[in-house]
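Numbering starts at 1 and runs along the sequence shown. No hydrogens, no waters, no symmetry mates; every other heavy atom, side chains included, goes into these values. Here the structure is a predicted model, which is why all the values come from computation and not from measurement.
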Amino acid sequence: MIHRLPEAWRRPLAVTGLVVTVAWLIVVIAAPVLAPYDPLAQKFPRLSPPGGAHWFGTDDLGRDVFSRVLYGARLSIPLTLLLVALSVVIGGLLGACAGYFGRWVDETIMRVADLVFAFPTVILAMAVAASLGASLRNAVLAVLVVSWPAYARVTRGLVLGIRTREFVLSGRLLGFSVWRSLRTDVLPNVTGPILVLATLDIGTQLLLLSGLSFLGLGAKPPTAEWGAMVASATQVFDKWWVGVFPGLAILTVVMAFNFLGDTMRDALDPRTARAIKERAL
């Protein structure tokens with residue numbers, strides 16, 4: 001069965017990314033079963049090092065770090081996936097409209113996107129989150145504000161290259177409405193690059209969302225969220241396990257999705273896929 005997969009998906013980095021991603025998705029679903037303790041329970045010795053009873057040790061309030069890391073996955077990963085999905089939908093729709101209609105629609109949408117690009121991403125996200133109020137929901141909205149323009153710009157460029165192709169013009173001459181033309185002729189031809197961008201962007205958005213929580217603009221105590229857990233570890237810096245394990249969780253998820261994004265890009269690019277196959281032979 002493995003030999004039927006494209007060559008790009010049989011490389012070690014691709015397999016590693018896929019295995020790690022599947023493992024974390026299982027954790028997201030089965031965290032209540034896998035976690036040995038209540039992530040909010042403060043009934044254990046404070047700042048106990050990793051050992052048999054507590055694999056990742058305990059934090060400064062006597063909570064089991066392993067259980068909190070597992071429950072943190074249920075919050076960080078789904079929110080990141082939702083965030084990327086919303087960015088794709090909003091940015092992709094606006095970019096498609098800009099590229100297809102052109103004129104004032106293109107100018108309006110692209111100037112708004114340029115306005116967002118004019119600010120450093122982290123600084124703008126911090127400003128938006130702070131103005132809305134420190135909470136996890138507002139942190140997600142802040143990251144969404146700064147993330148959609150990238151999809152709008154990429155989608156616009158792809159649509160500009162497709163809208164004058166013969167099959168699109170033929171559909172319009174046959175009486176296709178604008179939205180049917182976008183749905184049937186344009187969308188299938190831009191999905192691949194956008195999907196690759198979204199997969200690569202998952203790690204970036206997870207880092208940004210965790211960074212806002214680290215700065216106190218996202219999840220609030222006692223919520224088990226990776227960025228907030230790393231932030232609380234700065235108060236007990238000599239107890240390395242309190243911050244290292246949630247940090248490693250962020251690292252593994254980011255690297256796994258980067259591996260998957262690189263593999264997907266190689267698999268969808270005919271020239272790269274052909275070069276990989278030739279090297280394998």
Side-chain angles (χ1 to χ4, degrees), residues 24-25 27-51 53-84 86 121-147 202-254:
W24 275 117
L25 292 178
V27 170
V28 169
I29 297 172
V33 178
L34 299 175
Y37 307 106
D38 183 344
L40 303 181
Q42 303 177 20
K43 58 183 180 180
F44 306 109
R46 296 173 59 252
L47 299 174
S48 297
H54 304 284
W55 291 357
F56 291 177
T58 61
D59 62 10
D60 55 334
L61 295 178
R63 298 171 296 191
D64 182 64
V65 175
F66 179 67
S67 299
R68 289 180 62 79
V69 169
L70 295 184
Y71 270 86
R74 303 193 77 191
L75 193 63
S76 297
I77 295 177
L79 282 179
T80 303
L81 296 177
L82 174 63
L83 179 59
V84 173
L86 291 175
T121 302
V122 177
I123 301 300
L124 181 58
M126 290 172 55
V128 174
S131 63
L132 294 176
S135 70
L136 191 57
R137 182 185 62 181
N138 292 339
V140 171
L141 291 176
V143 178
L144 179 61
V145 168
V146 302
S147 61
I202 290 174
T204 303
Q205 304 307 332
L206 175 59
L207 285 173
L208 186 54
L209 188 61
S210 300
L212 291 178
S213 295
F214 178 84
L215 295 171
L217 297 172
K220 292 297 182 182
T223 305
E225 196 273 340
W226 291 339
M229 292 174 66
V230 175
S232 65
T234 59
Q235 306 300 320
V236 286
F237 203 73
D238 57 324
K239 310 301 181 182
W240 59 269
W241 58 87
V242 179
V244 164
F245 290 114
L248 286 176
I250 296 173
L251 174 65
T252 54
V253 173
V254 171

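- Residues satisfying the side chain to side chain contact (heavy atoms under 4.5 Å, CB included) test with Leu86, not counting sequence neighbours, are Leu82, Leu144.
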Practice prompt. Apply side chain to side chain contact (heavy atoms under 4.5 Å, CB included) to the pair Leu136 and Leu75, showing each step before the final yes or no.
Written response: CA-CA 10 Å; Leu136 191 57; Leu75 193 63; 3.6 Å; yes
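- The CG atom of Leu70 sits 6.5 Å away from atom CH2 of Trp24, with the distance rounded to the nearest 0.5 Å.
- Applying the side chain to side chain donor-acceptor pair (under 3.5 Å) criterion to Asp59, with sequence neighbours excluded, gives Arg63.
- Between the CG atom of Leu206 and the CG atom of Leu81 there is a distance of 9.0 Å, given to the nearest 0.5 Å.
- Residues meeting the side chain to side chain contact (heavy atoms under 4.5 Å, CB included) test with Pro32, sequence neighbours left out: Tyr71, Arg74.
- In this structure, the side chain to side chain donor-acceptor pair (under 3.5 Å) partners of Ser213, at least two apart in sequence or on a different chain, are Glu225.
- Side-chain N or O atoms of Arg68 include one that pairs as donor or acceptor with a backbone N or O of Pro39 at under 3.5 Å.
- Every residue was checked against the side chain to side chain donor-acceptor pair (under 3.5 Å) condition with Trp241, not counting sequence neighbours, and none meets it.
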Just list the side-chain donor-acceptor pairs under 3.5 Å for residues 125-134, sequence neighbours left out, or say none.
| residue | atom | partner | partner atom | Å |
| --- | --- | --- | --- | --- |
| Ser131 | OG | Ala127 | O | 3.2 |
| Ser131 | OG | Val128 | O | 2.7 |

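- Using a 30° and 60° split on the angle between ring planes, Phe245 and Trp240 fall in the tilted class, from 30° to 60°.
- Applying the ring-ring contact (aromatic ring centres under 6.0 Å, His included) test to Phe214 and every residue at least two apart in sequence or in another chain returns nothing.
- Using a 4.5 Å heavy-atom threshold, the side chains of Leu208 and Val146 count as touching.
- Judged as a side-chain hydrogen bond (donor to acceptor under 3.5 Å, both in side chains), not a single pair has a partner in residues 29-42 (not counting sequence neighbours).
- Shown here for Ala73 and Val28, the closest heavy-atom pair between the two residues is O-CG2, 3.5 Å.
- Residues passing the ring-ring contact (aromatic ring centres under 6.0 Å, His included) test with Phe66, sequence neighbours excluded: Trp55, Phe56.
- If you take CG on Leu40 and CG on Asp64, they are separated by 11.5 Å, rounding to the nearest 0.5 Å.
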List, one per line, each side-chain donor-acceptor pair under 3.5 Å for residues 226-235, sequence neighbours excluded.
| residue | atom | partner | partner atom | Å |
| --- | --- | --- | --- | --- |
| Trp226 | NE1 | Val69 | O | 3.0 |
| Ser232 | OG | Met229 | O | 2.7 |
| Thr234 | OG1 | Ala231 | O | 2.5 |

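- Counting only residues at least two apart or in different chains, ring pair (Phe, Tyr, Trp, His ring centres under 6.0 Å) contacts with residues 122-144 are absent.
- Here the shortest heavy-atom pairing between Asp60 and Arg46 reads O-NE, 2.6 Å.
- In this structure, Thr58 has no side chain to side chain donor-acceptor pair (under 3.5 Å) partners at least two apart in sequence or on a different chain.
- The OG atom of Ser76 sits 12.0 Å away from atom CG of Leu83, with the distance rounded to the nearest 0.5 Å.
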